[in-house]
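Here's the structure, in structure tokens; my notes come after.
Just so we're on the same page: letters track the sequence lines, and every chain starts at 1.
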Amino acid sequence: MRVPNLLFLFAILLAGCSDESQQSTGTTGSSTAGESSARTTPGGVDEHSQQEEALDPAVQEVIERRLRTVTRNPSVSTTHRSLGLAYQANGAWTRAIAAFRKTLELNPKDHAARLHLAVCLSLAGGNQESIEHLEHVVKAQPDGPAGLYRLGVGYLKAGRFSEARKRFLAVSTLMPDNPHGHLGLGEVAMENGNAKAALVHLEKARTTGKGNEFVDFALGQCLAELGREMEAMPLLSQGADAARPQIGDNLSHEMSRYGVSRSALLGRAADLHQGGDPASAMGILKRLAKDYPEDLVVLNNLAAAYMALKREDPALTTLNQVLEIKSTQHSAWFNISSIHFDRAIAVIESNPPAAQSHLVKALAAADNAVRHGGHLARMHTMRGKVLMMMNSRAEAIAELGESIRLGTNNEDVYLNSAKLMVATQRHDEAFRLLLGALQKHADWLEVRFLCMPFFINQKDTINARRLLHEITNLAPNDKRLPPLRALLTRNGL
Amino acid sequence: MHSSQLICSLVTVLYVTSCSDSPSSTPVPKTQQIWFEEVREASGVDFVHSLGSKQRFWIPEVTGSGLALFDADGDQDLDMFLVQGADLIGEGGPASSDELWLNHGDGTFTNATEAAGISESSFGMGCAVGDYDGDGDLDLYVTNMGPNVLLRNRGDATFEDVAKEAGVAHKSWGTSAAFLDYDGDGDLDLFVTNYLRWNSDSEVPCKSKLGSPDYCHPNNYDAPDADALFENQGDGTFRDISASSGVAEVFGNGLGVAWGDMTGDGLIDIYVANDGMANQLWVNQGQGKFQDRALLKGCALSGEGKAEAGMGVIFEDLNGDLRPDLFVTHLRAETNTFYSSGRRRFSDDTRKTGTAQASTLVTGFGTGAADFDQDGVLDIYVTNGRVGDAMPRFSDERPLAEPDQVFVGTGGGVFEELQPRGGIANDFFSVGRGMALGDIDGDGDIDVVLQDNSASVRILRNVAPKKGSWIMYDVRTATGGQALGARVKLTQGDLVQARQVQSAYSYCSSGDPRVHFGLGAGSGPLQVEVTWLDGTQEHFNGLAAEQVHQLIRGQGQ
């Protein structure tokens, strides 16, 4: 019954946000990841300001190790390359650029270093120079997909679409079972105003890169352009703020070892959590929480990891820490409410008084969640659920209604709301609510099941049969189907 | 479509397609010209934007303020209303007021604040201008941290605050606002963009990457607000229809607003630029209902699906296809985004415009489109200024200051950045926020006025070398009011241009709604087609260039 929390999305959002946005995470002031940590002047990348680029202590430690190696082996190009990778992994683009330049000075044929120099230049706002280096890489390694793909993206961003197309075509030939080349070809076709051609490529990209939300967004745009709005909308919604897929190169693994900045670690923890390994995420976050004891993003994510591991007591402690720092953190209130709600459910039959006590705590926390996060549907959902369990039906209907008004995508909210309405003899309202849900969400099964009795009651053969057809399409093997068919037959429908 | 238009559109398409490789493969020489000179001192305007004496690194400090250029006293020139900041918790002595400066007709001004009865000293954000009560003079709506005010013009450039009586003393943190007749009933309704549900208790300490105290990103507060829509009831009062219209259903960190028919259905839609969140396109469903369709219509996010830090907005035909496009200014490291209007939706065509790289260097706020050099193609002015410290700085004295930018239209939606940056001879760094366009000295070209956060207002006289003549239209309804929302199409030979009569664009500001066209090398008679809000059309032909003409509904053909 726990409402899934979204705190890890929050972490990802902040870890990948822009330079000035990064200050927002900066109760620690140390974020370094993200595209826009760029330090640029009107003329391009400024390397003279690099001494002013602050590094957090954990990064400094990694860097110092690499610097010591460089000091011992100043003429070995790979030491500079590793230093560059360490800077790059933590978002210190300008220092990384300097290190990669030094690498190339010592070994102009280090194409891997040149590729990374190009990546950093692009991130620091020097797209033109980035393209020149990538052209060099591709000339030397014409079959290297990472270079080709990066060059294609560079051309795409520079508006050089025909050149971009050529590189994406090469990638799609080299890696036909990966989404990258197809995605790029689709993007170029869209830029050229040819949505029909784009659709072919983007559908291929989606087939080969299942689950990639960036691809979903691109396909959503294409479908919207073709007027297929119903199909486009869910893809556009879930693809927002997704990161462009990249092709790893032979230095990617080494680079990932150096990523120790706050934002790099937050990102890694988020990946682990989402990948089903909250225990490893928790380990990283506990270390981060030691270094940044007042960092709300870190603490919120740590609490989320505890919750995923069912460690409710440390989760509550962490959430209370959050609230001590900032009492208006609605996410923390939400999670506290969720924990108490779950505890209530667990003992509701065996120990009703204890359950009631948990529900009172859950409601108090949900009140605060709504007070401070009233713009979010899920806050109202939480409060509505608690009220429902406390048998405050009218209030629960109103609260769930608020969640619906704010555009919740949670089918349970509609179901619970409709059931409460039926229980309070508000049948017409329940029916209208369910009809609205049917129209908005073609993939909701339970709402369809719940709607059926209304059609049967009204002897509405056409809609009952249509609904049965939809249910059959959505869940052909659902065990409730045969009795439902029998019920319809019995009622002459 | 007229055949010449068709050819023009095809040329545009071919140009964009075939020349798409040019921006990088063959560097184009930058436009090198002085287009503006600062004339604030000569103008007599000594307004200094102020935040009080203490900098606390609270987010409101970096958001204000705006201004309006409008004819307050009915003498046919542009007066200036400048919105003032304040100390956020009332420390540091008496707060300064917003100010009204009356134009002598030649670009010099007299401070008329006291005489006008204006003593509005809240922490001011923005303003909107319109004749909401239909009495023939222009009124002001001022957004604040706290209750907004409605300054009713008594007809003699004196004002009284009637916000409470009119039902628009809205208490949120208002930013940009717009008067618009969304329901086509002939009176002006009001849309108010709100930023955050903020108070001093909700502040959190943030630091720059250099470790010094700095301003937080709005998402740190996670307290976006809903915007507000007020329906004019025709009797000088408004009804808050935010909830019933649907506008209150979606929350956002709203900063910029523009409006017009953005879906081609003849109804007025509203676009809101949000800071760090998806933008909203409130599509008018009729019957006082709106739906946010920005995501589907392609203008909620960047083309790569990223929510950007939307600040200022332009809604105007920027690529010459006669369909108005959207241009939204953003944070440093994001591009200013060009949403080109297509048959079904907008698409992010920033990469094609040539503005992407330059706009990632600075943080854009106020913006507006005008044909500054009168070559028949719209240019774009963007005033810039950071919201947080970062290296390298343009100015150590003012860490947030940045140069402004002018993007010179070269046709077909392609622009080149004017050099020296901002088209001004000397280094010109400001913390640009509100900006409005208008011909303040009456010489027929478009000048720029901008608010520099915590500094003197900047008044930039247009001195651009002109490539053609000009004409300006003051478009009026049958009853003499400004015909906001009407569309004007001007044809001279092969040159076809379209504009909307509008004052609400940019950031927290209101510009002159008179429609100015540069005529470039065009020759031949000028044919003007006005499409009124209800879709009916009227023609006003044969009017002479180099003049301002009033186009009154019912007096054309």
Hey, could you give me the CD/NZ distance between A/Glu229 and B/Lys297, rounded to the nearest 0.5 Å? 5.0 Å
Turns out that what part of A/Ser327 lies under 4.5 Å from chain B's heavy atoms comes down to neither
Assert top hit (heavy-atom pairs under 4.5 Å, partner chain A, pool B/Ala278, B/Gly298, B/Ala358, B/Gly303) equals B/Gly303
Spacing of B/Asp348 atom CG and A/Gln221 atom CD [to the nearest 0.5 Å]: 8.0 Å
4.5 Å side-chain heavy-atom contact, A/His375 and B/Asp225: no
B/Arg197 atom CZ, neighbour heavy-atom count above 12 within 6.0 Å: yes
Nearest heavy-atom approach of A/Gly227 to B/Arg344 is CA-NE, 3.4 Å
Measure the CG-CD distance between A/Leu406 and B/Glu249 for me, rounded to the nearest 0.5 Å. 7.5 Å
Heavy-atom distance under 4.5 Å to chain B: side chain of A/His372, backbone, both or neither? backbone
Identify which of B/Ser347, B/Pro224, B/Ala223 forms the greatest number of heavy-atom pairs closer than 4.5 Å to chain A. B/Pro224
Please classify the contact of A/Ala240 with chain B as side chain, backbone, both or neither, using a heavy-atom distance under 4.5 Å. both
Side chain from CB out, backbone as N, CA, C, O: work out which of these in A/Leu226 comes under 4.5 Å of a heavy atom of chain B, or both, or neither. backbone
Select one option (side chain, backbone, both, neither) describing which atoms of B/Leu301 are under 4.5 Å from chain A's heavy atoms. side chain
If only atom types and distance count, is the side chain of A/Asp241 paired as donor or acceptor with the main-chain N or O of B/Ala307 below 3.5 Å? yes
Under 4.5 Å heavy-atom distance to chain B, tell me which part of A/Glu213 shows up: side chain, backbone, both or neither. neither
So, the side chain of A/Lys157 versus the backbone of B/Ala356: is there a donor-acceptor pair under 3.5 Å, distance only? no
Distance in Å, A/Glu225 CD paired with B/Arg343 CZ, rounded so as to fall on 0.5 Å steps: 8.0 Å
Determine the minimum heavy-atom distance between B/Leu295 and A/Met233, stating which atoms define it. CD2-CE, 3.7 Å
Pairwise distance CG(A/Leu296) to CG(B/Asn220) - rounded to 0.5 angstrom: 8.0 Å
Looking at A/Lys326 and B/Glu203, is any side-chain nitrogen of the basic one under 4.0 Å from a carboxylate oxygen of the acidic one? no
Pairwise distance NZ(B/Lys306) to CZ(A/Phe217) - rounded to 0.5 angstrom: 9.0 Å
